[in-house]
Amino acid sequence: MLEVTLKHTPVLLDEATDLLAIQPGGTYVDCTVGLGGHTERILEEMRGKGRLIALDRDSESLQAVSEDLRYRSKLVSFHHENFKNLPLVLPNLGIESIDGCLVDLGVSRYQLTYPDRGFTFTEEGPLDMRMDRDQQTTAESLVNHLNEHELADIFRRYGEEPQARKIARAIVEQRRIRHITTTTELADIIRAVKAKRRGSRIHPATLVFQALRIEVNQELQDLDRFLSTTIQFLRPGGRLVVISFHSLEDRIVKRAFQLETGKCICFRPGDLCTCPRIQNVKILTRKPIGPSEKEVNTNPSARSAKLRAVERMESTEDE
Ligand SMILES: C[S@@+](CC[C@H](N)C(=O)[O-])C[C@H]1O[C@@H](n2cnc3c(N)ncnc32)[C@H](O)[C@@H]1O
């Protein structure tokens with residue numbers, strides 16, 4: 001078994017735990033255990049009473065983290081699950097409702113550190129990028145089988161890569177000669193296309209790697225599904241806290257929360273509006289909370305974090 005000697009510095013740790021308003025004896029869900037930073041803090045705040053359901057779709061890091069945390073607390077159970085399946089996971093555990101739920105999106109330090117996971121372009125590794133290695137689709141299968149138009153669309157949509165078409169074309173040309181199998185081969189192709197445009201502060205491959213990762217793991221689709229089904233499990237007064245790192249994720253969270261406040265988000269007039277208009281939650285963060293300057297100085301990867309939170313209303317019209 002792999003040992004976890006790495007530490008992920010949990011992002012917005014105080015803000016997230018304050019907003020979860022953890023009460024000893026409550027039932028909580030940490031949807032994205034990663035290296036267990038938030039999990040550990042939630043357990044501390046539970047003060048030996050209650051139940052914590054801890055999920056991650058990455059079985060490798062979950063196994064390593066759970067070995068350590070399980071023996072320190074009997075309150076937590078670990079599950080190799082995608083958070084989009086929470087509506088199945090909770091009933092299977094005999095849980096009807098929860099007091100709080102945390103989602104901390106993106107990749108963990110664990111996934112970025114080991115080149116064999118394929119997330120990093122700074123060291124050679126297989127073009128993998130699967131958070132859940134049980135799934136079929138890898139970055140290699142996308143890069144070698146999608147057509148030029150489909151690749152460009154992914155790079156543009158999820159990476160906002162200005163040279164999406166040129167990079168997609170260069171990939172298709174290269175793979176006619178040889179299958180592209182490693183992270184560094186792909187990074188070299190991108191670097192060759194982008195070499196003429198200097199001056200950017202980020203590595204030339206950053207945006208394409210981010211886009212491929214989002215597509216491989218269907219990150220936005222899973223978030224959407226999770227948000228549309230999870231709020232119903234919150235008890236009145238229960239809270240959902242989401243930390244995102246990408247503007248597309250934050251937009252999905254913002255819209256999903258607005259919809260649950262009973263507001264119209266389709267902006268169609270009168271009868272044409274299809275929004276449910278039922279207030280299930282109140283928003284606890286009018287504007288998303290970002291990291292302080294101090295946090296960014298000590299943990300630069302917190303830079304783009306945005307936290308949003310809602311609380312389930314005491315009584316709702318649909319009950
Ligand atoms: C930023 S890390 C979480 C870090 C963690 N809060 C900590 O303090 O160590 C994100 C984690 O979420 C997991 N993840 C991403 N999408 C997921 C999903 N749909 N379901 C379950 N886990 C997911 C990833 O595998 C990764 O381990």
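Just so you know, these numbers come straight off a predicted model, no measurement behind them. Counting starts at 1 for both ligands and their atoms, following the listed order.
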Kindly tell me which protein residues have any non-hydrogen atom under 4.0 angstrom away from an atom of ligand 1, grouped by chain and ordered by number?
->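 Contacts of ligand 1 under 4.0 Å: His8, Pro10, Cys31, Thr32, Val33, Gly34, Leu35, Gly36, Gly37, His38, Asp56, Arg57, Asp58, Glu81, Asn82, Phe83, Asp104, Leu105, Gly106, Val107, Ser108, Gln111, Met131.
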Which atom pairs, one a donor and one an acceptor, fall under 3.5 Å between side chains of residues 253-270 and the rest of the protein, sequence neighbours left out?
unit_1	atom_1	unit_2	atom_2	d
Glu260	OE1	Asn280	ND2	2.6
Thr261	OG1	Gln258	O	2.5
Arg268	NH1	Thr274	OG1	3.3

Pro162 versus Leu207: any side-chain heavy-atom pair under 4.5 Å?
->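 Yes. Closest side-chain heavy atoms under 4.5 Å.
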Lys/Arg N to Asp/Glu carboxylate O, Asp222 vs Arg57, below 4.0 Å | yes
Can you sort out the partners of Thr27 under side chain to side chain donor-acceptor pair (under 3.5 Å), two or more places apart, ordered by chain and number?
->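 Thr27: no side chain to side chain donor-acceptor pair (under 3.5 Å) contacts found.
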In short, side-chain hydrogen bond (donor to acceptor under 3.5 Å, both in side chains) pairs touching residues 226-239 with sequence neighbours left out are Ser97-Arg235, Asp99-Arg235, Arg239-Glu311
Expected output: side-chain Asn147 to main-chain Glu150 donor-acceptor under 3.5 Å | yes
